[in-house]
Amino acid sequence: MLCYMAIVAITSSGTKNARRYVEVMESAGAVARVLIPNDHTVVDTHELMRDAGGLLLSGGPDIDPELYDEEPDPGASLELNRPLDDLELRVLEYALARDMPVLAICRGMQLLNVAFGGKLIQDLQGHKSEKHEGVWEPAYHTIYIAPGSKVAPVIGMAGFFRVNSLHHQGVKEAHRAHRLMTTAYEVDDGLIEGLESPEHSWVIGLQCHPERQEEVPNLFNNLFLGLKERADTFISNKSASNG
């Protein structure tokens, strides 16, 4: 019986930012392939995603408002990386067209919403990390994950969870892409904390950062195990169909 080792493509603004994502995916048993815009801008999408069984869209800089038909808010202090936006949009399109499993984290969830035609709140208060005595510390809040979501059985349960918060942009229902489904929200202000695509087998977005394992419930590690298992299955099915 053949055994297929999953390659999970991880998008990132740089190798340092990718480190935690690589560690959690390798701990889950996957092979991590980091895609960085500086290295991959001119590389064909099929080559970037060759033999990949899953895609992880990581956290990072702000998404260019031009991509959702808005002008940048001058008061939002945006940090943009358009080459990263363009790289992620094309590998996401590749993954979605093949029903490849996708896990989208923080900026990744926001990019997922933009890719499906949604918009973003360009600046939020009270959701990002703050500097205390020279050390950056995340904010925390309580989110609710719906029982009918795909993410709930992956994690192991639905309900209320205390998670980290390190973002200054986000999505509310008015900004959500119509083709995506809200599966989690922040209890106090209704900000969307989870999005999924009903059109695909396993496309899950979360606003929190589960790769920062010490800042979220232990159950959230199942997200990376779930992505690895789905990526294994994707590669196995692809190899069987080609055989």
Residue pair [X] / [Y]: nearest heavy atoms and the distance that separates them:
{"X": "Tyr21", "Y": "Ile105", "result": "CE2-CD1, 4.0 Å"}
{"X": "Glu196", "Y": "Val151", "result": "OE2-N, 2.9 Å"}
{"X": "Ile36", "Y": "Leu87", "result": "C-CD2, 3.9 Å"}
{"X": "Gln169", "Y": "Ile63", "result": "OE1-N, 3.9 Å"}
{"X": "Ser12", "Y": "Pro37", "result": "O-CD, 3.3 Å"}
{"X": "Glu70", "Y": "Gln122", "result": "OE1-NE2, 3.1 Å"}

A side-chain contact here means heavy atoms from C-beta on lying under 4.5 Å apart; do [X] and [Y] qualify?
{"X": "Gln207", "Y": "Ile192", "answer": "no"}
{"X": "Pro83", "Y": "Asn81", "answer": "yes"}
{"X": "Ile10", "Y": "Val22", "answer": "yes"}
{"X": "Phe220", "Y": "Ile155", "answer": "yes"}
{"X": "Leu80", "Y": "Pro65", "answer": "yes"}
{"X": "Val163", "Y": "Pro217", "answer": "yes"}
{"X": "Arg230", "Y": "Met100", "answer": "no"}
{"X": "Glu215", "Y": "Leu166", "answer": "yes"}

Single-linkage hydrophobic cluster, 4.5 Å side-chain cutoff, [X] and [Y] together:
{"X": "Leu120", "Y": "Tyr185", "value": "no"}
{"X": "Leu96", "Y": "Ile235", "value": "yes"}
{"X": "Val91", "Y": "Val114", "value": "yes"}
{"X": "Val43", "Y": "Leu55", "value": "yes"}
{"X": "Leu225", "Y": "Val31", "value": "no"}

When rounded to the nearest 0.5 angstrom, what is the spacing between [atom1] in [X] and [atom2] in [Y]?
{"X": "Arg82", "Y": "Leu67", "atom1": "CZ", "atom2": "CG", "result": "4.0 Å"}
{"X": "Leu103", "Y": "Leu56", "atom1": "CG", "atom2": "CG", "result": "4.5 Å"}
{"X": "Thr182", "Y": "Glu173", "atom1": "OG1", "atom2": "CD", "result": "3.5 Å"}
{"X": "Leu89", "Y": "Asp64", "atom1": "CG", "atom2": "CG", "result": "10.5 Å"}
{"X": "Met181", "Y": "Ser197", "atom1": "CE", "atom2": "OG", "result": "9.0 Å"}
{"X": "Arg20", "Y": "Ser58", "atom1": "CZ", "atom2": "OG", "result": "13.0 Å"}

Ion pair Arg90/Glu93, N-O distance below 4.0 Å: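 Answer for the salt bridge query: no.
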Electrostatic pair Asp85-Arg107, nearest N-O below 4.0 angstrom: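 Yes, charged N to carboxylate O under 4.0 Å.
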Are there over 12 heavy-atom neighbours, none belonging to [X], within less than 6.0 Å of that residue's [atom1]?
{"X": "Glu79", "atom1": "CD", "answer": "no"}
{"X": "Glu199", "atom1": "CD", "answer": "yes"}
{"X": "Glu23", "atom1": "CD", "answer": "yes"}

Aromatic ring proximity, centroids under 6.0 angstrom, Phe161 and Tyr144: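 No; Phe161 has its ring centre 6.0 Å or more from that of Tyr144.
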Ile145 backbone acceptor or donor facing Ser149 side chain under 3.5 Å: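 Absent.
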Polar side-chain atom of Lys119 near backbone of Tyr68 as donor-acceptor pair, under 3.5 Å: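 Answer holds: yes.
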Hey, are [Y] and [X] close enough side-chain-wise for a donor-acceptor pair under 3.5 Å?
{"X": "His200", "Y": "Asp99", "answer": "no"}
{"X": "Thr142", "Y": "Glu186", "answer": "no"}
{"X": "Asp189", "Y": "His141", "answer": "no"}

Candidate pair Asn113 and Arg176, rule side chain to side chain contact (heavy atoms under 4.5 Å, CB included), full reasoning: CA-CA 6 Å; Asn113 190 57; Arg176 175 178 57 84; 4.2 Å; yes
Full working for side chain to side chain contact (heavy atoms under 4.5 Å, CB included) between Leu223 and Asn221: CA-CA 5 Å; Leu223 288 161; Asn221 191 52; over 6 Å; no
Glu88 and Leu84: CA distance, side-chain angles, deciding distance, side chain to side chain contact (heavy atoms under 4.5 Å, CB included) verdict: CA-CA 6 Å; Glu88 289 188 326; Leu84 178 61; 3.9 Å; yes
From CA spacing to verdict: side chain to side chain contact (heavy atoms under 4.5 Å, CB included), Asp123, Ile121: CA-CA 6 Å; Asp123 194 39; Ile121 302 169; 5.8 Å; no
NZ or CZ of Arg98 within 45° of Tyr94 ring axis and under 6.0 Å: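 Satisfied, under 6.0 Å and within 45°.
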